[in-house]
Enquirer: 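Attaching a single structure in structure tokens format; questions to follow.
Each chain gets a letter, A, B and so on, in the order the sequences are listed, and its residues count up from 1.
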Amino acid sequence: MDILDRLNPRQHQAVTASDGPVLVLAGPGSGKTRVLTHRVAYLVTHHDVYPWRIMAVTFTNKAAREMRERLVDLLGASRAGELTLGTFHATCARILRREAPHVGISRDYVIFDTSDQLNVVKKAVRELNLDEKKYRPRAILNAISRAKNELIGPLEYKPESYYEEVVRRVYERYQAILHTNNAFDFDDLLMSVTRLFDDHPDILEKYQEKYRYVLVDEFQDTNMAQYVLVLQLTARWRNLFCVADEDQSIYRWRGADYRNISRLRDDFENLTQIVLEQNYRSTQTILDTGRAIIRHNRNRVDKSLFTERGQGAKIVTYEAFDENDEAQYVIDQIMGLQARGAARYGDCAVMYRTNAQSRAFEDAFIRAGLPYKLVGATRFYARREVKDILAYLRLIHNPTDSVSLARVINTPTRGIGQKTLGQLERVADKRGVPAWDILRELDRSGRDASPFGTRARKALGTFAMMMKGWLALTDHSSVVQLMDAVLEQSEYRSYILDGTEEGQERWDNLMELRGVAAEYEDMTLTEFLADVALVSDVDNLSDDVNAPTLLTLHAAKGLEFPVVFITGLEEGILPHQRSFDDPEEMAEERRLMYVGVTRAKDLLYLIRAFRRTSRGQSDVSDPSRFLDDVPKELLKGRPGVSGRRVTQSDASRWRSSLSPRREPKRESRQPQFRAGQRVHHPQFGEGIVVESKLQRDDEQVTVVFEELGIKRLLASFAKLKPLKDQ
DNA sequence: CTAGTCAGGCTTTTT
DNA sequence: GCCTGACTAG
């Protein structure tokens, strides 16, 4: 059977489009990845292109794996295994390892993740005697990262304010620290490769010759560095094939720029552009909902998505009282669906804007005795215990890595505190050698000129001995054996297993890490560390457990579920507070909402909470503006009305949990109504006021009606009558 | 040097 | 509400 037989005519056309540059613009669920993989297979089977001449890049390991699986299907394992397929970062990491001598870094460099980076920035800030309060390392790191994504090195960085001048100085220092530690950060991986290609045309040519065909998935998520990389690689053969959906661009904050799509049109004048509008995932109701939300964004090609799947079920909205009620409602619905046979637990996904929102859901799931799959949150590789052990391994791999040394030299505590560590670093600095060189010679040299007291000297010597033992193991031991040795001899095991439940959990995480190491039996330490730095939690999402998935909207991209709950639809959450004063960011929030909506195949729930506790503060919230965009005829029942009857006890529960009413700001008028007051409405019947606030020249009253649930009313309109108190 | 307490700030989102 | 950094007693 021909590989193209499984495609529809539009997709077929996209796949077989000209040899030159091709851009496929397509909505969600249109088979973008399928088109991309078929394009690869088409080149191999119909054009006799050698698979190893093809580079296909994506953004997540998960997407890469999915692509690989499809290609194994289409081409067979051996041919599929030949092509270069992976994330931008992993691909660059490999190129850098191969070309290390030309980059001026050793082949066994390490990759620093976000928390390592932050440590480096802090170190740089301290070295420059700057005030950490005023120059917050987080903010400086963001600025550095932004510069790197724009391919601006510390020397090209042109400060336009005093603050930026500080950034420039930290940036310079930051790069120097990375360099002495033989380390790259994520952004360096990309920037260094573009630099390498710029400085060494012969090397660029080598890769241009090797990769005659370049394919990019999720092209709208490329940043400047990635875009330049694509331009460099395709400059000679111009065989570029991209798939993109500008409406799903949700990574602006990490430098992604969907305008790269229009840059592509300018840079490749003979670009073939193909639009795919058929959706194979969702019902028409869901697609219409998505469109109603996304159409408000400017500067986009309006795609009218259609499906042959029919109208489908209406969108369900629910207004919960607070985040706990929200979670309980979701659980009730999921259990109901499973009980009715309408959906299995595993078909359901609960999505939210921020990781912090997962807590209420986790609590409720645990209470209900329902298993769940959690994506993200405290990411596995960011956990303290995992980072500690990886730092040990990194230090063994590269003893000059001072960041890892600082992390583990006193973990678990072994009497080497701030002071001793500071002394060690100073001695090393003065002699211009890595701290490890001082440590290594310490026990041998007896009474040298080093400033350590006997106690500190002994502690340092013990640590050095331990390190030497591990270093001797590296030649003939596997990663697992090394890890076991570290866990035992460093006494990390007894340190973490303190008898508490949390300790056991941490130990279990370490055993999981050990399991990962065991999987790659003949992998060297170098390879293991490189791999570990570039994977993320979403990549390891297993779908063999029948349990609902909890995940952020960002993590949901590229996935699909029969039943989707989008939660926290409140102003300040989705859209997020931080987007209020920037139209570009607000547009991105909208796209994020759009991504969430279009993950659903059959059933979509849009949920909000009336009150939400965040940062220990409970506050009333307004419904998300995105809710207003959904056409009423697509909604099940009346919008904004609770799906269940509100009882008297609910009302008093709600009322009693309200914080003391705040005084209306800068308003001299007094509200007519106040929380807890019983009122009567000609149509809605009797209810209890939950909140009342003055609004311009009117008063907005929030009332819980016995029959209808929560309503927001304007006092002037809604002929509300106060009832006699008790 | 460690381990404890306390105040302050803060989180969008991730390769 | 939770983490980090500063401070203090042993």
Side-chain angles (χ1 to χ4, degrees), chain A residues 57-64 86-93 111-115 117-119 122 126 132-133 136-139 142 145 148-149 184-190 218 221-223 225-226 249-256 323 351-360 363 375-379 381-382 384 410-423 452-453 455-456 458-459 531-539 551-557 568 572-580 582 585-586 588-589 591-593 595-596 612-618:
Chain A
V57 268
T58 66
F59 284 83
T60 63
N61 292 297
K62 183 181 179 298
T87 62
F88 270 100
H89 287 90
T91 308
C92 287
I111 298 166
F112 276 5
D113 70 13
T114 315
S115 68
Q117 293 182 64
L118 212 53
N119 286 334
K122 281 180 189 162
R126 270 177 220 144
E132 268 181 76
K133 293 263 153 57
R136 302 236 317 288
R138 250 251 110 72
N142 278 338
S145 178
K148 286 188 177 183
N149 283 328
F184 279 136
D185 65 19
F186 286 125
D187 306 314
D188 280 332
L189 295 175
L190 305 170
E218 308 273 20
D221 287 333
T222 49
N223 62 27
Q226 288 155 338
S249 165
I250 55 174
Y251 287 109
R252 202 176 90 96
W253 49 273
R254 103 185 165 195
E323 65 273 13
M351 300 176 189
Y352 34 79
R353 175 66 236 265
T354 66
N355 276 311
Q357 289 166 255
S358 73
R359 171 171 286 272
D363 287 351
V375 181
T378 323
R379 307 156 58 70
Y381 289 100
R384 200 185 70 205
N410 200 31
T411 326
T413 51
R414 46 176 76 92
I416 305 169
Q418 279 305 307
K419 216 171 159 188
T420 311
L421 182 60
Q423 281 173 332
F452 309 112
R455 215 165 137 165
K458 206 174 151 213
D531 258 37
V532 146
L534 293 168
V535 298
S536 73
D537 267 12
V538 204
D539 308 329
L551 74 181
T552 63
L553 287 160
H554 281 89
K557 196 163 89 155
I573 303 272
L574 181 61
H576 196 271
Q577 190 102 31
R578 300 269 282 241
S579 65
F580 283 169
D582 181 351
E585 284 197 31
M586 183 54 79
E588 180 138 320
E589 295 292 305
R591 292 193 290 268
L592 200 48
M593 173 76 186
V595 166
R612 185 172 294 276
T613 308
S614 59
R615 283 202 234 134
Q617 269 268 352
S618 177

Enquirer: Counting only side-chain heavy atoms from C-beta out, which of B/dT15, B/dT13, B/dT14 sits nearest to A/Thr354?
Expert: B/dT13

Enquirer: Output the rounded distance in Å from CG (A/Leu551) to P (B/dT14).
Expert: 10 Å

Enquirer: What integer distance in Å separates A/Asn61:CG from B/dT14:P?
Expert: 15 Å

Enquirer: Identify whether any heavy atom of A/Arg591 sits under 4.0 Å from a base atom; if not, whether one sits that close to sugar-phosphate; answer base, sugar-phosphate or nothing.
Expert: nothing

Enquirer: For A/Asp187, enumerate each residue passing the salt bridge (charged side-chain N to carboxylate O under 4.0 Å, His left out) test, keeping only those at least two apart in sequence or located in another chain.
Expert: none

Enquirer: Could you state the CG-P distance from A/Asp188 to B/dT15, rounded to the nearest angstrom?
Expert: 18 Å

Enquirer: Within this structure, what is the CD1-to-C1' distance between A/Ile250 and B/dT13, rounded to whole angstrom?
Expert: 8 Å

Enquirer: How is A/Thr420 classified with respect to the nucleic acid when contacts are heavy atoms under 4.0 Å: base, sugar-phosphate, or nothing?
Expert: sugar-phosphate

Enquirer: Can you see whether A/Gln423 engages A/Thr420 through a side-chain donor-acceptor pair at a distance of less than 3.5 angstrom?
Expert: no

Enquirer: Identify, with sequence neighbours excluded, every residue that meets salt bridge (charged side-chain N to carboxylate O under 4.0 Å, His left out) alongside A/Arg126.
Expert: A/Glu132

Enquirer: May I ask you to say what A/Asn410 touches in the nucleic acid, namely base, sugar-phosphate or nothing, with a heavy-atom cut-off under 4.0 Å?
Expert: sugar-phosphate

Enquirer: What string of B, S and - do you get for nucleotides 1-10 of chain C 5' to 3' if you count protein non-hydrogen atoms under 4.0 Å?
Expert: BS--S-----

Enquirer: Indicate yes or no: at least one non-hydrogen side-chain atom of A/Asn410 is less than 4.5 angstrom from one of A/Leu421.
Expert: no

Enquirer: Identify, with sequence neighbours excluded, every residue that meets salt bridge (charged side-chain N to carboxylate O under 4.0 Å, His left out) alongside A/Glu589.
Expert: A/Arg353

Enquirer: Can a side chain N or O of A/Thr552 be found less than 4.0 Å away from OP1 or OP2 on B/dT14?
Expert: yes

Enquirer: Between B/dT13 atom P and A/Leu592 atom CG, what is the distance in whole Å?
Expert: 11 Å

Enquirer: To the nearest Å, how far apart are A/Tyr352 OH and B/dT13 P?
Expert: 10 Å

Enquirer: Need to verify one output field. Residue with the more 5' nearest nucleotide on DNA chain B, A/Arg136 or A/Ala90?
Expert: A/Arg136

Enquirer: Quick check on B/dT14: is either OP1 or OP2 less than 4.0 Å from any side-chain nitrogen or oxygen of A/Asn355?
Expert: yes

Enquirer: Which residues pass the ring-ring contact (aromatic ring centres under 6.0 Å, His included) test with A/His554, sequence neighbours left out?
Expert: A/Tyr251, A/Trp253

Enquirer: Nearest whole angstrom, please: distance from the P of B/dT13 to the CE of A/Met593.
Expert: 18 Å

Enquirer: With P as the reference atom in both, quote the distance from B/dT13 to C/dT4 in angstrom, rounded to an integer.
Expert: 15 Å

Enquirer: With sequence neighbours excluded, tell me which residues meet salt bridge (charged side-chain N to carboxylate O under 4.0 Å, His left out) with A/Arg612.
Expert: A/Glu326, A/Glu570

Enquirer: Touch check for A/Phe59, heavy atoms < 4.0 angstrom, all strands: base, sugar-phosphate only, or nothing?
Expert: sugar-phosphate

Enquirer: Apply ring-ring contact (aromatic ring centres under 6.0 Å, His included) to A/Phe112 and list each qualifying residue two or more places apart in sequence or on a separate chain.
Expert: none

Enquirer: Considering every strand and a 4.0 Å limit on heavy-atom distances, what is the contact class for A/Glu585: base, sugar-phosphate, or nothing?
Expert: base

Enquirer: Give each protein N/O atom lying under 3.5 Å from an N/O atom of nucleotides 3-8 of chain B, with the pair distance.
Expert:
none

Enquirer: Run the ring-ring contact (aromatic ring centres under 6.0 Å, His included) test against A/Phe186 and tell me which residues pass, sequence neighbours left out.
Expert: A/His89

Enquirer: Between the side chains of A/Thr58 and A/Glu218, is a donor N or O closer than 3.5 angstrom to an acceptor N or O?
Expert: no

Enquirer: Once you round it to whole Å, what is the distance between C1' of B/dT14 and CG of A/Leu189?
Expert: 14 Å

